[in-house]
Amino acid sequence: MKKIKCECGHINHEGTVLCEACGKPIEGNQHIDGNDENNVLEMRYEGSARRSKTYKRTFVDKTWAFFSSVKVGVWLIVLALLASAIGTIYPQEEFKNSVLPSSQFYEQQYGLSGKIFYQLGFHNLYSSWWYIALIALIGISLVICSIDRFVPLYRALKNQNAKRHEVFVRRQRFFSESENVSDDDRKTLINNLKKRRYKISEEDGHILAEKNRFSRWGPYVNHIGLIIILIAGILRMFDFMHTEGYVWVREGETKVVPTTEQQYYIKNEQFVYETYSREDERFQEALKNEELDVPSNFQTNAIIYKVKDEVIPGQEPELEEVTRGEIRLNEPLTFDGYSAYQSGTQLRSEYNSISFKVENGEGEELGSFDFKTNEDQRYYKLSNGYQIEIQDYYPQFEVTEEGPSSFSKYPRNPGIIFEVSGPELEGERYFYLNEDVVPLIDDPVTNVTLEDTELITASGLIIKKDFSLPFFLIGAVIFMIGVAQGLYWHHRRVWIHPKDGSLLVAGHTNKNWFGLKNEIESSIDGTSIKMVEDQQEKL
Amino acid sequence: MDLYTVSSNFLYVSFILYLVATIFFGATIGNKREANTKSKASKIAITITILGFLSQLVYFFVRWSAAGHAPVSNMFEFIAFFGMMLVLGFIIIYFIYRETILGLFALPTAILVIGYGSMFPREISPLIPSLQSHWLYIHVTTAALGEAILAISFVAGLIYLIVKVDQTVRSKQTTWLEIVLFCVFATMAFIIITSSFDATGYEAEFVQEINGTEQSVEYHLPPLVEPNNSELVSDHFTTGIETPAWMHGADAGSKFNTLIWSLLGGLILYGITRLILRKRVAAAIQPRLSRVNTDKVDEIIYRSVAIGFPVFTLGALIFAAIWAQEAWGRFWGWDPKEVWALVTWFFYAAFLHLRLGAGWHGEKSAWLAVIGFVIIMTNLIFVNLVIAGLHSYA
Ligand code: HEM
């Protein structure tokens, strides 16, 4: 590697723009930061040598230079921005809320533009390979641009001398030259800067007053936070970090918890559904406009069991209670690394039991029977030797071309065909549907009526295990520390440079020039030192 | 008086105080720069602003105790809160930069925002289960504060553009600037028209057929456009023009109708103003702002983004993710509201990089600040009203 020796004696790396120690512009390298003869020096990276600006020959060099360019970074961010926005024009597939398949839904609902949206694959935009690739490129760019700048910037800030080359001082944005400044005035300025928490260092009568240097690391810290978040996103794709399942549990039912390898069971003891009272004074006005009651609570009272010992195939496992609790929206129940979230409800949508009353021809009661949808009891005994036989049961009744059948196994609209028989009675068949009992023969002797139905609620629970969360949280915290560090504090420096009876004062900050100006102004108050001028061309 | 009335009165008072403060800020524009911060008018102006803010704080907490939950749970409450944060953001930036001209633009922005929000139903509504969480307060308040501070950069950007854009010739910049100002007129028109018809209790009713079922649709403004596929059932005038079918969602027709009213009303207001001024609105304001220190305004554009960006990230992304994790078991779900928070975040990240890395100062960064505000408003209004998602309150 070529080295460049400055007249102050400091050895700089190839590609350095301003000597790390004294700040003198290094001839032949000024184009790198776009400095011209007379203007204010570009101080963004302290004129340090960056790989991306120094080596541009090989493929690796070019790739490196490409990804470390802020312009490229901004382009990637803008592309990600546009892509993200486009995905919200129509709902994503998971939110489309329709039974139609996507191939029809988008066209039917939104016409031609919907069809195009679907055909371009925008209905699954955020999981598309190119969107993920875009985010990955931002990640790569972040890593490379941070490395490209961090090391040289660190070196330049560490090696800087209090004694700077005159050109460096003169070509700062804030600069003034005052003649015949007394030593007292000089000391007043230094003391005032000290009072404002500047750290003072001195070399041959040259002064550097500096504060908040740590703020310069803000962007690197926040970029590290972002990288951790991206890594967490990758980790989350693996099962050992993250699993997700969904289960519907009816009231009274016990079900295996998905994604737990049959190790856990959940029982829905009761589902609680509450609504706001229309008499509630606070909300009376608003509730007047609501047709339906406004829910105030969805809650599953659940018990979690763990399987005891080995499970012998074909046998009911033995269960042991692990925990119990109330699962509400915003209040998940956690057990052994898993969390159960209240997600869906089918309010009183399934029949638990249907009870009937049977009478004989004289109107005497023969008894009643209670059909339970979740048991397969086929015979029910009544008094006087009468009995009921369940002949057909359709949990969700429908009629198809092949005759009656069931749409699903869930008792949402049960249809039951049963027969009443007795000592002096040939079987009489009845059909139950839609809370109504219809005899299937003309003029039956017996009389069957519906006594009661009991509906139950099914609760939909999301079961999650996510060990990647702490990584995201750590990334987010580091990001926040980084942005606060970089945006709420500002690196400020003031150089005091004596020269043949006059005193040069220069100031630099990476942002908030207004604040630096105020500080210098109040620090020279009462001295004969001239106020610094803003040498940047006026906007 | 019940608590609800008390709180509404305090909101009303703060509204008036913001108006008065604007007038006092207006009185400072002739001053020399140095005299400005020390002038009597600017001291009175900022004091009244702070009083207005305090009064709105009282509104907020009284309404909180009346409802039993923080009033950030529906469109009206959220926008009013955003307006309050806008004033807070202005107060913060004012004490850093002492730029009185900022008040002359920031307070009217807050007034318009609060006025706009007041057109939504104002009753205290109960909290549905998914909103019953402390994270609602934490997330919504921080996000609104972040957005409000970012909006201050829009205010500064607007001032910058009014002062700097060359008004002697017509250019793209002058046209866009007029469009931005037209939006202000349209918002005013919306508030005037909506509240006028509200006062007369106007109500027209349609029956609309959606997917085979009939639904009743109410209009509170005379129908310039009807709902798609509908029939007027009340006895009112109608133009017979229908809302295009591709506009979906609840009340698409009524929303589209309101939009047309606001745009027409805005055009009339803007047209009258142009007729009186006999030049572009921005050109008429420009000479009055000749004493503005544009370097300082330029720095305010950047500083307010620098201050607002971390707050926005914390509130709109991090707290939002924590809440979503607790409520739905997923910290991120690509819901439109979430996506637009991400879009906003990407945008301001690009802003910061362009400023620092590509040296975008002055007019370029002022325009970016304006676009940023458009994105925030998109998320606040458009996404809520038009793109239905989990977050849609209204
Ligand atoms: C969405 C992703 C990103 C976010 C949120 C982000 C955030 C930030 C922030 C807040 C700053 C400080 C800005 C300031 O002080 O005004 C910054 C600086 C910077 N960022 Fe990023 N950044 C992102 C992506 C990138 C990418 C992809 C690159 C690659 C080119 C990049 C390169 C830089 C550079 C070079 C700086 C300036 C460092 C300095 O001059 O001290 N950033 N970033």
Side-chain angles (χ1 to χ4, degrees), chain A residues 44 70-71 73-74 77-78 80-81 84-85 87-89 91-92 94-95 109-111 113 125-126 219 244 276 280 282-283 285-287 289 294-298 328-332 339 341-343 462 464 466 469 472-473 476 479-480 483-484 487-488 510-515 534 538-539, chain B residues 4 66-68 96-97 121 123-130 132-133 135 164 245-246 248 294-296 298-299 302-303 306-307 309-310 313-314 317-318 321-323 325-331 334-336 339-340 342-343 346-347 349-350 352-354 356-358 361-362 383 387-389:
Chain A
R44 207 171 335 132
V70 176
K71 227 181 246 162
V74 171
I77 293 175
V78 171
L81 181 164
S84 309
T88 63
I89 296 177
Q92 292 289 297
E94 58 176 318
F95 298 123
Q109 194 81 338
Y110 306 107
S113 58
L125 192 144
Y126 305 109
E244 179 176 344
Y276 285 98
D280 191 327
R282 291 173 302 172
F283 309 127
E285 278 302 309
L287 288 175
N289 303 327
V294 176
S296 64
N297 188 23
F298 297 106
R328 288 190 202 94
L329 259 168
N330 283 308
E331 289 170 46
S339 307
Y341 295 87
Q342 185 65 51
S343 171
I462 297 177
K464 278 263 188 175
D466 197 342
L469 294 178
F472 284 101
L473 196 64
F479 178 82
M480 284 310 301
V483 280
L487 296 171
Y488 292 167
N510 55 343
K511 56 193 58 147
N512 190 4
W513 292 86
F514 177 78
D534 191 340
K538 289 274 162 217
L539 290 164
Chain B
Y4 172 76
I96 301 178
Y97 287 98
E123 303 92 30
I124 296 180
S125 44
L127 214 51
I128 54 172
S130 63
Q132 291 166 5
S133 164
W135 287 103
K164 279 289 183 165
W246 52 265
H248 280 273
T294 49
D295 282 347
K296 200 159 142 192
D298 179 61
E299 197 173 300
Y302 174 51
R303 267 317 275 302
I307 296 173
F309 185 73
T313 311
L314 190 67
L317 295 169
I318 298 177
I322 295 175
W323 183 18
Q325 180 66 34
E326 219 172 76
W328 297 302
R330 64 180 192 41
F331 55 88
W334 300 109
D335 166 81
V339 174
W340 276 92
L342 183 70
V343 167
F346 275 145
F347 181 83
L352 288 171
H353 288 93
L354 285 170
L356 207 67
H361 291 253
V383 174
I387 304 177

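First the proteins, then the strands, lettered A, B, ... as listed; each starts at 1.
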Under 4.5 Å from any heavy atom of chain B, what part of A:Leu125 do you find: side chain, backbone, both or neither? neither

Is there a side-chain contact between A:Glu285 and B:Ile124 in this structure, where contact means two heavy atoms from C-beta onward sitting under 4.5 Å apart? no

Which residues satisfy the side-chain hydrogen bond (donor to acceptor under 3.5 Å, both in side chains) test with B:Glu326, sequence neighbours excluded? none

Are any of the side-chain heavy atoms of B:Pro310 and A:Leu487 separated by less than 4.5 Å? yes

Honestly, the part of A:Lys71 sitting under 4.5 Å from a heavy atom of chain B is neither

Given heavy-atom pairs under 4.5 angstrom as the criterion, report whether the side chain, backbone, both or neither of A:Glu244 touches chain B. neither

Which atoms form the tightest heavy-atom contact between B:Phe331 and A:Asp466, and what is the distance? CE2-OD2, 4.2 Å

Report which part of A:Ile462 has an atom under 4.5 Å of a heavy atom belonging to chain B: side chain, backbone, both, or neither. side chain

Using the test side chain to side chain contact (heavy atoms under 4.5 Å, CB included), find all partners of A:Arg328 that sit at least two apart in sequence or belong to another chain. A:Asn297, A:Gln299, A:Glu326, A:Glu331

Please classify the contact of A:Phe514 with chain B as side chain, backbone, both or neither, using a heavy-atom distance under 4.5 Å. both

Measure distances from A:Tyr341 to the heavy atoms of chain B and classify the residue's part below 4.5 Å as side chain, backbone, both or neither. side chain

Okay, A:Ser84 and chain B: the region with an atom under 4.5 Å from a heavy atom over there is both

